[in-house]
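Worksheet for the structure shown next.
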Amino acid sequence: MKKSVFLGTLTVAGLAAGMAAAGTLEDVQERGTLNCGVSTGVNGFSAPDANGVWQGFDVAICRAVAAAVLDDPMAVNFVPTTGQTRFTALASGEIDMLARNTTWTLSRDVDLGFTFVGVNYYDGQGFITNRELGVSSATELDGATVCIQTGTTTELNLADFFRANNMTYEPVPIETNAEAQQQYLAGACDTYTTDASGLAATRASFSAPGDHVILPEIISKEPLGPLVRQGDDEWADIVRWTLNALVAAEELGITSTNLDQMTAGTDNPEINRMMGTEGSLGEMLGLEADWAVRAIAASGNYGEIFAANIGEQTPVGLARGLNAQWTQGGLMYAPPFR
């Protein structure tokens, strides 16, 4: 979700500049674990299971990076962060990367001193209401009470939408998705607004999800993706190309189940370069030749990760939509591996 409006940008930028001199790859390798910032719990994206093991779409990105760098997808220390704490955690060096429903914006990229390495989910802000309200459009929410996460640009998008439609609303401030769910179900607000994927994930956890409707309006662009501190290009390249490897693997037909076949050699030079059997891409990144094989083996390619955690056959039930491969009418597209 979005930029903290309470965090001093100069403070964050200064922290990021101070941390940039450190070599994150070396730190992670010496430590033997990757410190990855995630949400405090969003079904399907990042949440601990009944055994306390973190699972989800964003979690899989962290595990892929750990596999590429440490050859161990489980060597991850997951650090829960809120909308207000996430940027400080990254800037201060508490975490090595942030992978939690965070929108790529100019101010975060430039003013806060972070580097977004790509988009792993194209999203947009929406609204959820109880069917009993009889509301079928967000334009019918004049005078509504709205649960809104503090420290996010969701607040700004909400204000813009209501002003543009000559409507008023009463905000009900909350800090975490769990708190939003509790307040919404208790009737403290008529509607809850956040990224549409988050709404679907939240609704899936309700005892009676069919009693709640996600309204059709999408009021913003929310390209969500992992980010790192500016100033450490080597580390940014590793996280960026790990994400690209997952996306490219789906396009090229590389899956978690055929890696042995692919690493034995193919007629496709790009696959061979990704698998490390040709060229020196791993060496360029400061990693082993089979770094991409490790990353894909961790949780599968992008499509496998999507289907297993948030796809149409899961409780979250999201269609690929914009997150389909570019060859299937979506926006997912990896640069060439050469």
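Quick note: residue numbers are just sequence positions, from 1.
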Original post:
Does the Thr176 side chain pair with the main chain of Glu179, one donor and one acceptor, at a distance under 3.5 Å?
Top reply: yes

Original post:
Roughly how far apart are Phe127 CZ and Glu217 CD, rounded to 0.5 Å?
Top reply: 8.0 Å

Original post:
With side chains defined as the heavy atoms from C-beta onward, is the minimum distance between His212 and Glu132 less than 4.5 Å?
Top reply: no

Subject >> Note: Lys221-Asp123 ion pair, threshold 4.0 Å (strictly below) >> reply: no

**OP:** Assess whether ring-ring contact (aromatic ring centres under 6.0 Å, His included) is satisfied between Phe57 and Tyr302, documenting all intermediate values.
**Re:** CA-CA 9 Å; Phe57 182 75; Tyr302 179 84; 5.8 Å; yes

Original post:
Thinking salt bridges, do Arg320 and Glu250 make one under a 4.0 Å N-O criterion?
Top reply: yes

Original post:
Is the shortest heavy-atom distance from the side chain of Leu318 to the side chain of Ser197 under 4.5 Å?
Top reply: yes

Subject >> Note: Asp211-Arg131 ion pair, threshold 4.0 Å (strictly below) >> reply: no

Original post:
Can you check side chain to side chain donor-acceptor pair (under 3.5 Å) on Gln125 and Thr193, steps first, answer last?
Top reply: CA-CA 7 Å; Gln125 185 175 331; Thr193 183; 2.9 Å; yes

Subject >> Same apolar cluster: Leu158 and Ile214, side chain cutoff 4.5 Å >> reply: no

Original post:
Any donor-acceptor pair under 3.5 Å linking the side chain of Arg273 with the backbone of Phe337?
Top reply: yes

Subject >> Thr82 side-chain N/O to Gln84 backbone N/O, donor-acceptor pair under 3.5 Å >> reply: yes

Original post:
Heavy-atom distance under 4.5 Å between the side chains of Asn120 and Leu243, does that happen here?
Top reply: yes

**OP:** Can you measure from CG (Asp109) to CD (Gln230) and round to the nearest 0.5 angstrom?
**Re:** 6.0 Å

Subject >> Side-chain donor or acceptor of Ser39 paired with backbone N/O of Ser46 under 3.5 Å >> reply: yes

Original post:
Can you tell if the side chain of Leu98 reaches within under 4.5 Å of the side chain of Thr81, non-hydrogen atoms only?
Top reply: yes

**OP:** Taking the side chain as every heavy atom from C-beta outward, state whether Val69 and Leu25 have any pair of such atoms under 4.5 Å apart.
**Re:** yes

Subject >> Test side chain to side chain donor-acceptor pair (under 3.5 Å) applied to Asn177 and Thr202, step by step >> reply: CA-CA 8 Å; Asn177 189 66; Thr202 298; 3.1 Å; yes

**OP:** For residues Pro48 and Gln55, determine if any side-chain heavy atom of one lies less than 4.5 Å from a side-chain heavy atom of the other.
**Re:** no

Subject >> Considering all heavy atoms, the nearest Pro171-Ile148 contact >> reply: CB-CG2, 4.0 Å

**OP:** Drop me the distance from Ile254's CD1 to Asn301's CG, to the nearest 0.5 angstrom.
**Re:** 8.5 Å

**OP:** Could you tell me whether a side-chain N or O of Glu140 sits under 3.5 Å from a main-chain N or O of Val135, the two making a donor and an acceptor?
**Re:** no

Subject >> Which atom of Leu215 lies closest to which atom of Ser136, heavy atoms considered >> reply: CD2-C, 3.9 Å

Original post:
Do any N or O atoms from the side chain of Asp142 and from the backbone of Thr168 form a donor-acceptor pair under 3.5 angstrom?
Top reply: yes

Subject >> Main-chain N/O of Phe306 paired to Asn309 side chain as donor or acceptor, under 3.5 Å >> reply: no

**OP:** Please round to the nearest 0.5 Å and tell me the distance separating atom CZ of Arg100 and atom OG1 of Thr40.
**Re:** 6.5 Å

**OP:** Please say which of Asn130, Thr145, Thr129 ends up in a side-chain hydrogen bond (donor to acceptor under 3.5 Å, both in side chains) with Asp190.
**Re:** Thr145

Original post:
With side chains defined as the heavy atoms from C-beta onward, is the minimum distance between Tyr192 and Gln149 less than 4.5 Å?
Top reply: yes

**OP:** If the plane angle is over 60° it's perpendicular, under 30° parallel, otherwise tilted; pick one for Phe162 and Tyr169.
**Re:** tilted

**OP:** To the nearest 0.5 Å, tell me how far Asn258 CG sits from Thr255 OG1.
**Re:** 3.5 Å

**OP:** Using modelled atom types only, decide if a donor and an acceptor are shared between the side chain of Asn165 and the backbone of Phe161 within a distance under 3.5 Å.
**Re:** yes

**OP:** Spell out, as yes or no, whether a donor-acceptor pair under 3.5 Å connects the side chain of Thr115 to the backbone of Val228.
**Re:** no

Original post:
Is the backbone N or O of Gly265 less than 3.5 Å from a side-chain atom of Thr277, with the two atoms forming a donor-acceptor pair by type?
Top reply: no

Original post:
Should we say atom CD of Glu288 is surrounded by more than 12 heavy atoms from elsewhere, each under 6.0 Å from it?
Top reply: no

**OP:** Please round to the nearest 0.5 Å and tell me the distance separating atom CE of Met332 and atom CG of Asn323.
**Re:** 6.0 Å

Subject >> Chi angles and distances behind the salt bridge (charged side-chain N to carboxylate O under 4.0 Å, His left out) call for Arg294, Asp72 >> reply: CA-CA 8 Å; Arg294 299 174 180 178; Asp72 183 359; over 6 Å; no

